[in-house]
Amino acid sequence: MKFRKGLILLLIFVLGLQTAGMTAQAAGQKEIVINLDGQRLDSDVAPYIIPKVNVTMVPLRVISEGLGASVLWSQATRTVTIKKADSVITMTSGRQQATVDNTVVGLDASVELKQGRVMVPIRFVSENLGIRVNWNQSEQVIDLITEDGSTTPAPTPTPAVPAEPGGTAQTPASEEMRGAWISTVNGDWPSSGARNNIMKQKQEYTQQLDALKDMGINAVFVQVRANADAIYPSGLVPWNTVLTGTQGKDPGYDPLSFMIEEAHQRGMEFHAWFNPFRATNSASTSGLAANHVSKLHPDWIVNVSGKLYINPGIPQARQHIIDTIMEVVNQYDIDGVHLDDYFYPSNATFNDDAAFKTYNTLNTKDRAEWRRDNINQFVKQLGESVHRVKPNVQYGISPFGVWRNKADDPTGSDTRAGVPAYDSMHADVRTWIKQGWIDYVAPQVYWSMTLSAARYDKVVDWWVNEVANTNVKLYIGHAPYKLGTSEIGWNTSQEIIDQLIYNEKYDLVKGDIFFSSQHLTKNTLGLIARLKAYYGL
C-alpha cells in the first residue's frame, strides 16, 4: 500500500514538471512573422509549424493578398490551385504530392483546414513561385525575397474566387456541399422574357447567384446540355433554343464562360450538368438545327412516347456524347462534370433490336443485362476521359433515388418505388460506386419523411450503406419543388430542414443539392428563413 502511494505521488510530481515545462515553452514561443521584401504581411490566422516535418503553414489569403497570386479553392475536392505568371501549383488535402507546372512532386506537408481557413506550406509555395525564403528560427521570422528585392508587395489581382472559404464572403466556411440545380428547360434560367436579351440573361443569372449565396448555397449545377444542345459555342452540337427561341442561333455571347466566372467570383463552385441521352422533348425534328444529332445520325435515334433518345447501345453514339462533354472539360474552368438520371427511359418500350443484334458483345440473351453494360461502359469511359485531362474535376451522377426495391432484390431498399434505377433505367449505380468510376453520387431522394412507399430516412440509410468503405462521396438530392404540393409531407418547409437534420446522423453524407434554384428563391412556405437559420446565417 505504501509503495502504491509513493508511486502515485511520484507520477503527480513528474506530470507537474511536464505541465510546467509545456506552459513555460508555450509562453516563450513567439508569433511567426512573415515579411515580403522587408514589409510585414498580415495574416488573420496565425501561421504555425507542423512538428517533426518542420513545415510552416500559412492561410491561403497570405498567398493571394501578400504574394499576388490568384487562387482557386474547391470544397468538393479539397484542392487548391495557385497561379502566378506562368507557374501553376495544385495541392489536395491529404495527398503528399503536388502538381507544379504539370510535374508531380513530393510534399512534406499538404493542405490543411484550420479554424475555417485553408492553410498551405509557405516555403513550398513561395519557392515554386520564384520567391526566395529565409527562416530565422530564433526570431521566428520568415523573410520572402522577390527577384528584384523591391520593398513593395506584389499587387493583388482579382482572383477567380475568394482565396478561401470563410473569409469575408457571406457563405459560411464549410467543407460540405450545399448545391442547387439550375435547369435551362424547367424555368430556372433564362426566363422566356430574356430570350435574345443578353443583359437580361446575365442579370437573371447573377441575381439567382446572389440569392442562393445569401441563403448558404456554395455550388451551382447548371444544365449546359439539355436536349443534345449547348449553352456555349460548340463545334459538335447546336445552341440551345432557350437562349434565342431558335435552336442553333448564336446568342451573341458565351453564357457558360460568363456563368462560371460569376460563380467563382462569389466563391461558389460551378458544376456543368449534362443530360446525356435525351435528344428532344418532342418527336418533331422540323425546328431542329441542321447539326442536331437526330438529323446528322438518325440511325442513332429511338422514338420513345413522342420523345427522341440517343441509343446507348451504339458505341459511336456513346463516344459522341463523351466528346461533347469533353469539349467543355477541355475549354472551361469547371469544378465538376455532373450527369442526371436520364439513361434509358423508364417504363417505356425502347426499340433497340438492331443495336442489340449488332453490338451484343456480351453474347447474352438478357437484353436488360446488355443495356446495363452499355451504361456501365459509358459511365466508366467518361470518368476516365475527364480525369485523364483534369484529375481534380469532380465527376458525379444524380440517379433516381431508389436503386432497387427489396421485393426485387433482398439487398435493395425498403421501398416500393415504381421506377427503380437498376430495373427501369438500366442504371447500375451500385457497380459505379463499388468500382470507383465516379467521385460522388447524389441520389434524388425526393420523398418526405412520411411517405410510406419510399420514406426519406429509409432511402438515405440505404445509400449511406452503399458508399461505406468506398472513396465515393454521398450528396443527397432534395425536392423543395414539392413544397406546397398535395403529396404527403410537403405542407411545411420544415420538411426540408428535418431532412438536413436527419443527414447529420451520418458522416458519410457530405452535403446536399436542391432541385431546383427557382424553388429555393421563390421562398415557398418560408423556406429561406428556415434554411438560413439552419446554416447559421
Side-chain angles (χ1 to χ4, degrees), residues 70 72 74 81 83 88 157-161 179-210 212-213 219-276 288-293 320-340 385-386 389-390 392-395 516-517:
S70 66
L72 177 79
S74 169
T81 302
K83 298 180 182 179
V88 181
T158 301
V161 300
W181 280 289
I182 298 180
S183 170
T184 55
V185 295
N186 292 325
D188 288 338
W189 180 92
S191 70
S192 57
R195 287 181 179 174
N196 284 313
N197 189 327
I198 296 175
M199 292 303 296
K200 189 164 185 177
Q201 288 179 13
K202 290 183 175 182
Q203 182 184 47
E204 287 181 354
Y205 177 71
T206 56
Q207 286 176 346
Q208 279 198 58
L209 287 189
D210 289 339
L212 292 170
K213 181 180 174 64
V220 288
F221 294 72
V222 179
Q223 191 175 31
V224 301
R225 173 190 171 92
N227 293 299
D229 49 21
I231 60 167
Y232 53 89
S234 170
L236 299 172
V237 296
W239 285 101
N240 191 319
T241 308
V242 298
L243 299 169
T244 63
T246 302
Q247 189 179 80
K249 182 180 177 181
D250 190 334
Y253 77 116
D254 183 347
L256 181 54
S257 179
F258 171 78
M259 297 172 104
I260 294 171
E261 182 179 0
E262 291 296 320
H264 285 170
Q265 284 180 359
R266 289 163 174 78
M268 304 172 80
E269 292 184 0
F270 186 98
H271 295 250
W273 163 21
F274 300 85
N275 182 298
L288 300 179
N291 63 332
H292 190 271
V293 64
H320 165 76
I321 298 170
I322 292 173
D323 291 342
T324 63
I325 295 173
M326 291 307 299
E327 190 178 37
V328 173
V329 174
N330 283 307
Q331 297 179 19
Y332 293 91
D333 185 22
I334 59 174
D335 298 294
V337 167
H338 181 79
L339 304 183
D340 55 24
S385 298
V386 170
V389 174
K390 292 185 178 179
N392 293 322
V393 167
Q394 288 286 284
Y395 169 50
S516 64
S517 173

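FYI, side chains are in, hydrogens and waters are out, and symmetry mates aren't considered; it's all heavy atoms of this structure.
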Peer 1: Enter the distance from Glu261:CD to Asp333:CG here, rounded to the nearest 0.5 Å.
Peer 2: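 It comes to 10.5 Å.
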Peer 1: A quick test of your reading: do over 12 heavy atoms of other residues, nucleotides or ligands sit less than 6.0 Å from NZ of Lys390?
Peer 2: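 Yes, enclosed.
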Peer 1: Quick one: closest heavy-atom pair of Val393 and Gly336, and the distance?
Peer 2: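 Of all heavy-atom pairs spanning Val393 and Gly336, the closest is CG1-CA, 3.7 Å.
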Peer 1: Pairs of donor and acceptor atoms involving the side chains of residues 237-245, under 3.5 Å and at least two apart or interchain, shall be tabulated with distances.
Peer 2:
{"unit_1": "Asn240", "atom_1": "OD1", "unit_2": "Val242", "atom_2": "N", "d": "2.9"}
{"unit_1": "Thr244", "atom_1": "OG1", "unit_2": "Thr246", "atom_2": "N", "d": "3.2"}
{"unit_1": "Thr244", "atom_1": "OG1", "unit_2": "Thr246", "atom_2": "O", "d": "3.0"}

Peer 1: Answer yes or no: is there a side-chain heavy-atom contact under 4.5 Å between His271 and Val222?
Peer 2: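 A side-chain contact is absent here, since even the closest heavy-atom pair is not under 4.5 Å.
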Peer 1: For Asn330, what residues pass the side-chain hydrogen bond (donor to acceptor under 3.5 Å, both in side chains) criterion, not counting sequence neighbours?
Peer 2: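 Result, side-chain hydrogen bond (donor to acceptor under 3.5 Å, both in side chains) vs Asn330: none returned.
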Peer 1: Donor-acceptor check, side chain of Gln247 to backbone of Leu288, threshold 3.5 angstrom: yes or no?
Peer 2: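 No; judged by distance alone, with no hydrogens or angles, the pair does not exist.
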Peer 1: Can Trp181 and Asp188 be counted as having a side-chain donor-acceptor contact under 3.5 angstrom?
Peer 2: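 No, no side-chain donor-acceptor contact under 3.5 Å.
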Peer 1: When you look at Val220 and Glu269, which way does the side chain to side chain contact (heavy atoms under 4.5 Å, CB included) test go after all the steps?
Peer 2: CA-CA 6 Å; Val220 288; Glu269 292 184 0; over 6 Å; no
Peer 1: Could you give the distance from CG (Asn186) to CD (Gln223), rounded to the nearest 0.5 Å?
Peer 2: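 If I round to the nearest 0.5 Å, the distance is 7.0 Å.
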Peer 1: How many angstroms lie between atom CG of Asn275 and atom NE2 of His338, to the nearest 0.5 angstrom?
Peer 2: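 Answer for the CG-NE2 pair, Asn275 versus His338, is 10.5 Å.
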Peer 1: Find out whether Trp273 and Val224 are in side-chain contact, i.e. whether some heavy atom of one side chain is under 4.5 Å from a heavy atom of the other.
Peer 2: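 Trp273 vs Val224: side chains apart.
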Peer 1: Where the side chain of Arg195 meets the backbone of Ser191, is there a donor-acceptor pair that is under 3.5 Å apart?
Peer 2: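 Such a contact is absent between Arg195 side chain and Ser191 backbone.
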Peer 1: Report yes if the side chains of Ile198 and Phe258 come closer than 4.5 Å at any heavy-atom pair, otherwise no.
Peer 2: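 No, too far: nothing below the 4.5 Å cut-off.
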Peer 1: As a quick check of understanding, evaluate side-chain hydrogen bond (donor to acceptor under 3.5 Å, both in side chains) for His264 and Asp335, giving each step before the final call.
Peer 2: CA-CA 10 Å; His264 285 170; Asp335 298 294; 2.8 Å; yes
Peer 1: Listed by chain and number, what are the side-chain hydrogen bond (donor to acceptor under 3.5 Å, both in side chains) partners of Thr81, not counting sequence neighbours?
Peer 2: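 Thr81: no side-chain hydrogen bond (donor to acceptor under 3.5 Å, both in side chains) contacts found.
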Peer 1: With sequence neighbours excluded, what pairs up with Glu204 under the salt bridge (Lys or Arg N to Asp or Glu O under 4.0 Å) test?
Peer 2: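 Partners of Glu204 by the salt bridge (Lys or Arg N to Asp or Glu O under 4.0 Å) criterion come out as none, since no residue qualifies.
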Peer 1: Quick check against the 3.5 Å criterion: does Tyr205 have a side-chain atom that pairs as donor or acceptor with the backbone of Met259?
Peer 2: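 Side chain of Tyr205 to backbone of Met259, a donor-acceptor pair under 3.5 Å: yes, one is there.
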Peer 1: Could you grab the distance from atom CD1 of Ile321 to atom CE of Met326, nearest 0.5 Å is fine?
Peer 2: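 Answer rounded to 0.5 Å: 14.5 Å.
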Peer 1: Just so I know, are the side chains of Glu327 and Tyr232 near enough to count as touching, which here means a heavy-atom distance under 4.5 Å?
Peer 2: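 Contact flag for Glu327/Tyr232 side chains = yes.
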Peer 1: Tell me, do Met268 and Leu209 make a side-chain contact under 4.5 Å, heavy atoms counted?
Peer 2: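 SC-SC contact between Met268 and Leu209 confirmed.
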Peer 1: What distance do Tyr395 atom OH and Ser385 atom OG have between them, rounded to the nearest 0.5 Å?
Peer 2: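 It is 9.0 Å, given to the nearest 0.5 Å.
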Peer 1: Looking at Gln201 and Pro190, would you say the former's side chain and the latter's main chain have a donor-acceptor pair under 3.5 Å?
Peer 2: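 Not at all, since once roles are kept as given, no pair shorter than 3.5 Å links the two residues.
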Peer 1: Any side-chain heavy atom of Leu212 sitting closer than 4.5 Å to one from Ser517?
Peer 2: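 Yes, at least one pair of side-chain atoms sits under 4.5 Å.
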Peer 1: For His320, enumerate each residue passing the ring pair (Phe, Tyr, Trp, His ring centres under 6.0 Å) test, keeping only those at least two apart in sequence or located in another chain.
Peer 2: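 Ring pair (Phe, Tyr, Trp, His ring centres under 6.0 Å) check on His320 returns Trp300.
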Peer 1: For Gly248 and Ala289, which heavy atoms make the closest approach, and how far apart are they?
Peer 2: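 Where Gly248 meets Ala289 most closely, the heavy atoms are CA-CB, 4.1 Å.
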Peer 1: Under a 3.5 Å cutoff, is there a donor and acceptor pairing between the side chains of Glu262 and Thr206?
Peer 2: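 Side chains of Glu262 and Thr206: no pair found under 3.5 Å.
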Peer 1: For the residue pair Lys213 and Asp210, establish whether any side-chain heavy-atom pair is separated by less than 4.5 Å.
Peer 2: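 No; the side chains remain at least 4.5 Å from each other.
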Peer 1: Go through the structure and list residues passing side-chain hydrogen bond (donor to acceptor under 3.5 Å, both in side chains) with Asp254, not counting sequence neighbours.
Peer 2: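 Once residues adjacent in sequence are excluded, the partners of Asp254 under the side-chain hydrogen bond (donor to acceptor under 3.5 Å, both in side chains) criterion are Tyr332.
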Peer 1: Distance-only, no hydrogens or angles: does the Ser234 side chain make a donor-acceptor pair with backbone N or O of Ala230 under 3.5 Å?
Peer 2: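 Judged by distance alone, no pair lies under 3.5 Å.
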Peer 1: If I compare all heavy atoms of Asp340 with all of Pro276, which pair ends up nearest, and what's the gap?
Peer 2: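 Looks like OD1-CD, 3.7 Å.
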Peer 1: Report the C-alpha distance between Phe274 and Thr324 in whole Å, list the side-chain angles of each, state the deciding distance to 0.1 Å, and finish with yes or no for side chain to side chain contact (heavy atoms under 4.5 Å, CB included).
Peer 2: CA-CA 10 Å; Phe274 300 85; Thr324 63; 5.6 Å; no
Peer 1: Any heavy-atom pair between the side chains of Ile325 and Leu339 that's under 4.5 Å?
Peer 2: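 They are in contact (side-chain heavy atoms under 4.5 Å apart), so the answer is yes.
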